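Structure, as structure tokens:
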Amino acid sequence: MEATQRHYFFGEFLELPQDLPEATAARFFNEAFLAERSRAFAAVSVDDVLGVLHRTGRLLVDPEGPYRRRILESMPAVTGYSPALVEKGVEVLGTLLSRTFLQERLACLGNYRALDCFVPWGRGRLSRAVPLGAVCHVAAGNIFLGSVDSLVLGMSTKNVNVLKISRQDPLFPFLFLEALLEADPRGLVAPYLAVTSWSRRNTAVVSLVKRVFDGILLFGGEDAVREYKKDLAPKTQLLAFGPKISFGVVTEGLDDEALREAATGFALDVTLWEQRACTSCQNVFVEDAGAEAPDLFGNESSYAVRFSRYLADALAEEAKAFPPGRAELDELVEIRKERELAAWKSFQGKARLFEVAGGDAAVILQEGADVVPSPLNRTVYVNRVRRIEDVTEGNLRVMGYYMSTVGLAAPEERLQSALEAMLGLGVLRFCRPGTMGLGADPSASHDGVFIPLQLVRFVNREDISPDSLGQDFLLRASRDQELLARINAILEIATASPFYRERYASRVPSLPLASLEDLKNVPFLEKADLAAHCPPFDTAMLTREPRGAYFFASGGTSGKPRYVAWSAEEFDLAGHITGRGFRMLGIGPEDTVANLLRAGALWTGFLAFDRALEETGCRILSMTYNQSDEETLEMLATFRPTAIMAMSSALVSLAEAVERTGWSGSVPKVFFTGEPLPESAREYVARAFRAECIASPLYGAVEIGPMGYQCSHCGPTEFHVTDEWCYTELLEDGEIVATTLERRLHPLIRYRLGDRAEWVAGACACGSRSPRFRLLGRIDDYVRVHFGKLYLEEVAQALRAFPELSSDFQIVVDPLGERARVTFTVESLPGRLSGTPRTQESRDTVELERRICDAIVAKAKVYADPRNLKLEELVARVVPPQSIPRVQRTGKIRRIVDRRV
């Protein structure tokens, strides 16, 4: 009776003969079935896919879990590796399946979320990728991680995948599958995967695979490559990686310490995977200009001899950490034959054998520019050459197809020339000794090919506007699914930081969250948390070392700046999203825009606006607001911009300077940020600059980034949510709570900004499905008086009744024994009041100040309690524009100054 084994087909286990029956293959390997599965899998968020793989990796490497134990118990017998080397493989597996590593492998796509929808990629561009379809993976058996590695590439690009396992390793793929099924209770990935086997003799199944699948990803020998290339269907793409050769190169010029270090690295490259991987080191070419000297191999001080001895010593050390595995009898015979032959040549003075005690490894030093096939199992040839360029004259010169990796050890000044020399052989991967078998850059190509690019197809949108595509235009169900996937991703990433790991240990439901509603169970992040744990004093909230990062300061009006870290990539993406908002307001290539935000002092505004303006194609005037109003107006007269962007208070000050100086220019588009401009102030600024449009280009915060943008249909305080950057919640009282979706270095999750808003009902005429909100002011900006709270928003509402006043005011509270003096200092709009100097105080001003106090008493709920009016002395002061001191960094006013504290 024919032996059977388990096969897995898209959610179903079957007990079948080891060689897949043709009837079963025809059932599952047909174009209609695979196309239906492909369409379904394409609708799953790529973040959900990466999350399943990440959790699978954690299950496999968990020291207390069953999978790691089963791998360590069973795989040495399957692979012939020692338990220690299998354990090293498990360690590598954890890295391969980590979300960070997977995202970096997909970096060649530009933005891996292009697999879900149109997303930003580079200056003013969008990217959209679709899976190739159904991909068959033909696994090699030389490295037990190889089959899973190939499969992961297919899954992370959202292809339907069929893995043909190697007869050398029928075990590990099913261990991986079991862990994946446990990590995927929602069935996000498993229904689009098959794990099965067939022999090369099974021509019916092989023919079916070559006819039906959209792609075949093959790692194997020459016979397998040749077989799958033959009679391939026109629609089927074959991505084949046959047998490869890797070797080391050591040039002259390294000091003794560097030479030892190189030998130590190459020893690991020889030890890993018992030299069976395509990237394993079997030969090392050592440049030694004294190659013609007498006693070629007996001179202990010669460069090549020293390196060989250091390599043998390092191999002995590696054998302690990773004892040699099991070798078959024919392998042992071949190894002994090569070593005995080397010993004989050594006796003749034609070579030198350095055999590690116990026979665990051997270094064979000889002369020549030819690569020599090794019997593997830690037998390495050191080939001595006069010049490193001699290598290009050996047998490698005709083996370009087989080139894989060169481990390169050379002084810095010789790296370039040595690398270029090896390029001529067809080598496309270079690395330092010690990383040949592990890899240092997950985003790098494989044998000159970015495999993820071969497993997707990119969508060409031609002349369709990028502002009509993207997450904003997804239907509600798709949008919510995408947001949930991104939230789960950022929660998972955040737990890499000590702060979130500790905070979420017992206070967060199990991840991933099942719905957006479940996010309410995640604790809030307060401003006090950020102030207590912000860099440079505390890096507990950071998920990694902040290399290549910006540091910015938020706040300042409270007197307590909070510092946040942004990666350069995050800052660039934020610029793309902000720039799209600028385009929605009509800024385009025909515009010249003056950026008049303050620059420096760790403030993000000026830099962020300059970066965002790049996305519009406009001409950018990086003026800043670090000079006087008169100097600014001179520059505006010189360059004649069509638009300016500035803080609200700066615009009012510039408008006053226009009236004062008689400036005769015009600016058609004026954009304010930082603080709202009341209607009277907007009218004043528009009149001064003869502006046709006044709007706010952005709602955001330094801590979070761009949170909202306006289109031409939005009211003065209305914004579309930037869903692709952050998730916005409005609590019952309207408080805005934001979760960053792209800030992976310093994530902020359920951060309470202190602003209030309400949702705007109905669809927007611009066509975007992104929700809209209307700002209602601050929720935590108040000063406590004797029997309640006086809110800034109440004061602002009261002042809107006075067209001669600006929106810039400050509340100062001074102690008066048991009582208190509350002073409301308000700036007038330029030219609206006569006799404003306090030395010539007019009756009109005195009357206006009395009316201001009355209006505040009428509007503020706290003064409905008469006890407060008895205990407080209310004073209003109307002052000229720009009289209230500003925070130097940002130009903002410190709204509350409580001198009782």
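Not measured: the values here are computed from a predicted model. Residues: numbered from 1 along the sequence shown.
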- How are the rings of Tyr699 and Phe773 set relative to one another: parallel (under 30°), tilted (30 to 60°) or perpendicular (over 60°)? perpendicular
- Can you tell which of Asp472, Thr722, Thr616 makes a side chain to side chain donor-acceptor pair (under 3.5 Å) with Arg580? Asp472
- Contact check, side chains of Val783 and Lys789, non-hydrogen atoms, under 4.5 Å: no
- Task: List for me each residue that meets side-chain hydrogen bond (donor to acceptor under 3.5 Å, both in side chains) alongside Glu873, sequence neighbours excluded, and say none if there are none.
- Result: Arg821
- Taking only Lys NZ, Arg NE, NH1 and NH2, and the carboxylate oxygens of Asp or Glu, determine whether Arg756 and Glu735 approach each other closer than 4.0 Å. no
- What pairs with Tyr751 under ring pair (Phe, Tyr, Trp, His ring centres under 6.0 Å), at least two apart in sequence or on another chain? none
- ring pair (Phe, Tyr, Trp, His ring centres under 6.0 Å) filter on Phe802, not counting sequence neighbours, yields none
- Query: Distance only, no hydrogens: is a donor on one side chain within 3.5 Å (strictly under) of an acceptor on the other, for Ser628 and Glu631?
  - Reply: yes
- Over all atoms of both residues, closest heavy-atom pair of Thr825 and Ile884: O-CD1, 3.5 Å
- Quick one: is the NZ or CZ of Arg598 closer than 6.0 Å to the six-membered ring centre of Trp603, and within 45° of its axis? no
- Query: Just checking, any donor-acceptor pair under 3.5 angstrom between side chains of Arg772 and Gln710?
  - Reply: no
- Message: Quick check on Arg660: does its CZ atom have over 12 non-hydrogen neighbours (other residues, nucleotides or ligands) under 6.0 Å away?
- Response: yes
- Query: Quick one: does Asn595's side chain get under 4.5 Å of Leu621's, heavy atoms only?
  - Reply: no
- Should the heavy atoms of other residues, nucleotides or ligands under 6.0 Å from CD of Glu502 be counted, would the total exceed 12? no
- Sidechain N-carboxylate O distance under 4.0 Å for Arg877, Glu849: no
- For residues 605-646, the ring-ring contact (aromatic ring centres under 6.0 Å, His included) pairs (sequence neighbours left out) are Phe582-Phe609
- Message: Is the distance from the ring center of Tyr550 to that of Phe571 below 6.0 Å?
- Response: yes
- With His720, which residues qualify under ring pair (Phe, Tyr, Trp, His ring centres under 6.0 Å), at least two apart? Tyr709
- Query: Is it the case that Gln627 and Thr632 place a side-chain donor and acceptor less than 3.5 Å from each other?
  - Reply: yes
- Which residues pass the salt bridge (charged side-chain N to carboxylate O under 4.0 Å, His left out) test with Asp467, sequence neighbours left out? Arg583
- If we ignore angles and hydrogens, is there a donor and acceptor under 3.5 Å between the side chains of Arg690 and Ser666? no
- Side-chain touch Thr728/Cys726, heavy atoms, less than 4.5 angstrom: yes
- Task: Check whether the side chains of Tyr863 and Glu794 place a donor and an acceptor atom closer than 3.5 Å, and report yes or no.
- Result: no
